[in-house]
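Below: the structure, in structure tokens.
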Number of protein chains: 2
Amino acid sequence: MNLKQLSQMLGLSQTTVSRALNGYPEVNRETRERVLKAVRETGYRPNKAAQRLATGKAGSIGLVMPTSPGNSSDVHFSEFLTGLGEEALRHDFHFVLTPADPNDEVGALKRLAASGNVDALFVNYMRGHDPRLEMLKTLSMPFLVHGRSIGSEPDYPFLDIDNEAAFYEATKLLLQLGHKRFALLNGPIYLDFAIRRKNGVEAALAERGLALDEACVSHTAMTDEQGLLVMERILQMEKKQRPTAVLCSSTVLALGAVRAINQAKLKLGEDISMIAHDDVLTLLKPENFTVPLTTTRSSLRSAGVRIAERLIGEIKRTETFPAQELWKAELIVRASTGVAPAD
Amino acid sequence: MNLKQLSQMLGLSQTTVSRALNGYPEVNRETRERVLKAVRETGYRPNKAAQRLATGKAGSIGLVMPTSPGNSSDVHFSEFLTGLGEEALRHDFHFVLTPADPNDEVGALKRLAASGNVDALFVNYMRGHDPRLEMLKTLSMPFLVHGRSIGSEPDYPFLDIDNEAAFYEATKLLLQLGHKRFALLNGPIYLDFAIRRKNGVEAALAERGLALDEACVSHTAMTDEQGLLVMERILQMEKKQRPTAVLCSSTVLALGAVRAINQAKLKLGEDISMIAHDDVLTLLKPENFTVPLTTTRSSLRSAGVRIAERLIGEIKRTETFPAQELWKAELIVRASTGVAPAD
DNA sequence: TCCATTCCTCAAAGCGCTTTGACTGCCCTC
DNA sequence: GAGGGCAGTCAAAGCGCTTTGAGGAATGGA
């Protein structure tokens, strides 16, 4: 069933039917109702490809889906996607997901934009001086960045959390509790958030004249497996030098790290304190850990909702948003942080 | 840059350029190379919407993305999506994701099909007597089901794992180890796989004249939280009646259940044995549990790859596949299963 | 020399929609 | 009764591509 058939059925022109459907004012109320009724009865749906061709708008947002084999950011990605989806549903938008070779994300993005399949682009997992930014700026298509790219001129629209402040505050709390030796289980060093979180930790330490021991810093994929391995390695250090405070970039890393701590028969919150960043994953709640985890919290899902909201608003040109948003993470104290043990 | 401009630039007709691009034989080799070179230089990409309109093919697969608030199947969903993406990438396909109100999945599917945005549909999280099946059959569009729908005529193309056999085998192993009282931490009862798994357990028990105590069966969302809660409840039973063997429908449930067991100071593999179904989630490996978990294993990601392969093959009409595939899960024995404790 | 054949190229139609600009009644005003 | 304004409708063009059916040039055989 297409417009032509529908309009013939109704004895109207395609123009009138189209206008009736799209809410133009110059259509008689009676006529409009007649059209709407017919649509309901026939189940007619406008062909999106044709609509897209005619209007240049497709009602869709383009995502490049990271697909490195073994890429395990997927819990975080999917949590975020859920948020995006929630909002998109309200506006009858959908997503076009292009899986991309991780070495060719710029290319994938370009192809997606040129395909005419999407109205706006979205990127995340930002790196330092991310090459995608330059490319996005040359495109005349709305885009939004989740995160930021350190080393690039901050002249692009983004939504990010204040990673530096979050880890600064977390470190400061641990310092106040008397901790002097710190470990940081971080995400891959090329990722912007990892760089900023490390900066935050170092800034807080520097205020006390302390420095982060590089031997106690890891940059790995954010899996529980890596968390376990790294923590095991760190726990093998001599007790006098071993960190008493651990910062984790994700509750997933923390999951593994806690297991290592348990296996070493150490007590979380007594022998070792831990603060993890909590993306509010449905799967993994810090309050459900055997020893509930102190966290810096910021919901990835809410970020998804907000990003969809902004992107869709921009496509519809209904609203103007502040181009750049920086969310504060909350520091939530639970049992995994305690006074530093006496040496 | 569009076809018209490109062909003018080259002094050729649109037809010739289009043919050169799409590999038609009647184009002079020289001409074709000239065209290809120009494409490379200008970065020309055919407009997908136009292509779609002209050919009726879009190079995309439609997914309905489950988005119930608090839906926590997302780890599993995302693992699967990764597999789909991996294969789609090889064929330059993409996905159109429509977020759907969980009460209107049929509607969302219908809209997606009618939108002309997709060449094939895919559905999962099948329920008993799933209403989506009837709808899909009326559509003249290839589709593939992940899972099956008990209670519906099995005359549709699907890929499923043999859930019943997997849980039958797992139960049998536990029976051989002397266990007599079983618990089952299952997914939502309306889901097909949950029904079949329960059937599998009951079939094995029935062979020994045993029955599953309904008080020891749970049907919950597959989160670690639920796993914890249910297991805590079960462990409060009087010791004489308390199950010594636990089957979990997911390693995620097992994660919570194990925590409950630890908190109760019970030893996994000694006081209580456990077998979980392992979807091979990147996040959660059963071998990394403090006591490595015995599992029935079947990779969700591989299923994704295979499904994309079949769907794309069908769209391109290059290959015909067996319409229905049933994969066997492997039973992998680790330390979480041991001889039943003496009463 | 002419025609048949092969190889390459082209103009034009069509996919299903939106949108422009024109048209038809009709009512109102002067 | 002529002219203007308005509400409602329409035919046709255009979005960027593929594909059909036809045409032109070169080659070879009769």
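All figures in this text were calculated on a predicted structure; none of them were measured in a lab. Lettering follows sequence order; numbering is per chain, from 1.
Listed nucleotides D:dT18, D:dG8, D:dT19 differ in distance to A:N28; the shortest reach to its side chain belongs to D:dG8. Distances were taken from every side-chain heavy atom of B:Y44 (C-beta onward) to each of D:dT18, D:dC17, D:dC15; the shortest belongs to D:dC17. When each of C:dG16, D:dG21, D:dC17 is scored by its nearest atom to the side-chain atoms of B:R19, the top-ranked nucleotide is D:dG21. Distances were taken from every side-chain heavy atom of B:L3 (C-beta onward) to each of C:dT18, D:dT18, D:dT19; the shortest belongs to D:dT18. Considering only the side chain of B:N2, D:dC17 comes nearest among D:dT9, D:dC17, C:dT18. Considering only the side chain of A:N22, C:dT18 comes nearest among D:dT18, C:dT18, D:dG16. Comparing C:dC10, C:dT18, D:dG16 by their closest approach to the side chain of A:A54 singles out C:dT18.
Among the heavy atoms of the strands lying under 4.0 Å from B:T55 are primed sugar atoms or P, OP1, OP2 only; no base atom is included.
Between A:S13 and the phosphate of D:dC10, there is a side-chain N or O to OP1/OP2 separation shorter than 4.0 Å. Phosphate proximity of C:dC8 to B:T16: absent, as no side-chain N or O sits under 4.0 Å from OP1 or OP2. Taking only side-chain nitrogens and oxygens, B:Q14 never comes nearer than 4.0 Å to OP1 or OP2 of C:dA11. In terms of phosphate contacts, B:Y24 brings no side-chain nitrogen or oxygen within less than 4.0 Å of OP1 or OP2 of C:dT9. At D:dT18, one or more side-chain N or O atoms of B:Q51 fall inside 4.0 Å of OP1 or OP2 (strictly under the cut-off).
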**OP:** Determine, stepwise, if the pair B:Y125 / B:Y190 fulfils ring pair (Phe, Tyr, Trp, His ring centres under 6.0 Å).
**Re:** CA-CA 10 Å; B:Y125 295 123; B:Y190 51 81; 9.9 Å; no

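For A:R32 and D:dG8, the CZ to P distance is 10 Å, given to the nearest whole Å. Atom-to-atom, CG of B:L12 to C1' of D:dG24 comes out at 15 Å; the value is rounded to the nearest Å. Whole-Å rounding puts the A:N117 CG to D:dC17 P distance at 13 Å. Across the protein-nucleic acid pair, B:E33 atom CD and C:dC8 atom P stand 13 Å apart, rounded to whole Å. Nucleotide C:dT6 holds its P atom 15 Å from the CD atom of B:E26, rounded to whole Å. Taking atom CZ on A:R52 and atom P on D:dG14, their separation rounds to 20 Å, with Å as the unit. Spacing between atom CD of B:Q5 and atom C1' of D:dC17 amounts to 14 Å, rounded to whole angstrom units. Nucleotide C:dG14 holds its C1' atom 14 Å from the CG atom of A:N47, rounded to whole Å.
Annotation for A:K57: atom NZ counts as buried by contact number, over 12 foreign heavy atoms lying within 6.0 Å.
Summarising the geometry, atom CZ belonging to A:F158 is positioned 11.0 Å from atom OG belonging to A:S149; distances are rounded to the nearest 0.5 Å.
Salt bridge status for B:R306 with B:E87: absent, with no side-chain N to carboxylate O gap under 4.0 Å. A salt bridge links A:E33 with A:R29: the distance from a Lys NZ or Arg NE/NH1/NH2 to an Asp or Glu carboxylate oxygen falls below 4.0 Å. B:K316 and B:D119 are not joined by a salt bridge, as no carboxylate oxygen comes within less than 4.0 angstrom of a charged side-chain nitrogen.
You'll find a donor-acceptor pair under 3.5 Å spanning the side chain of B:T15 and the base of D:dT19, going by distance alone.
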